[in-house]
Amino acid sequence: MPQFIQLFSKLAREHEIYIVAGTIQVFDPDRDKDLQRLAFFSPSGAHGVQGEMHMTRFEAEEWDICRGSA
């Protein structure tokens, strides 16, 4: 995750654009579950995340990934 954030922060700054970089799977130790997080970046290089709210059936049933808040 740190390399992912570093790369997209750098690209957003260099090109002075907003980037919605897509989802990445992150382990939440408090819930003992994998969650999907959407990462987004601003032209300043700042970033934020949003938990995926609408899981596909495959993600929920096959991968046992949970939806969640950021």
Side-chain angles (χ1 to χ4, degrees):
M1 184 78 172
Q3 291 172 330
F4 177 85
I5 291 171
Q6 183 181 20
L7 171 64
F8 283 98
S9 290
K10 178 184 175 204
L11 290 170
R13 279 191 315 273
E14 283 180 4
H15 298 283
E16 299 178 350
I17 58 172
Y18 289 91
I19 299 175
V20 178
T23 58
I24 189 167
Q25 189 173 329
V26 179
F27 181 73
D28 181 352
D30 294 333
R31 294 173 67 180
D32 194 33
K33 288 281 189 175
D34 288 321
L35 306 174
Q36 287 286 77
R37 296 281 192 245
L38 173 97
F40 52 94
F41 300 83
S42 75
S44 71
H47 75 281
V49 294
Q50 169 67 48
E52 186 174 348
M53 300 307 292
H54 302 285
M55 305 303 296
T56 65
R57 187 173 176 187
F58 182 79
E59 290 169 320
E61 294 177 8
E62 298 293 324
W63 292 352
D64 195 30
I65 297 174
C66 294
R67 64 177 232 148
S69 60

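Here the structure is a predicted model, which is why all the values come from computation and not from measurement.
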In terms of hydrophobic clusters joined by side-chain contacts under 4.5 Å, are Phe41 and Ile17 together?
-> yes
State, to 0.1 Å, how close Ala12 and Ser42 come at their nearest heavy-atom pair, and which atoms those are.
-> CB-O, 3.2 Å
Can Ile5 be reached from Phe8 by stepping across I, L, V, M, F, W or Y side chains whose heavy atoms are under 4.5 Å apart?
-> yes
Reported OG-to-CD distance for the pair Ser44 and Glu16, which is rounded to 0.5 angstrom | 11.0 Å
What's the spacing between Ser9 OG and Phe4 CZ if we round to 0.5 Å?
-> 9.5 Å
In terms of hydrophobic clusters joined by side-chain contacts under 4.5 Å, are Val20 and Val49 together?
-> no
Starting at CD of Gln36, measure out to CD of Gln50 and round the result to the nearest 0.5 Å.
-> 13.0 Å
Inspect the surroundings of OH in Tyr18 and state if more than 12 heavy atoms from other residues, nucleotides or ligands are less than 6.0 Å away.
-> no
So, do Phe27 and Asp32 sit near enough that their side-chain heavy atoms are less than 4.5 Å apart?
-> yes
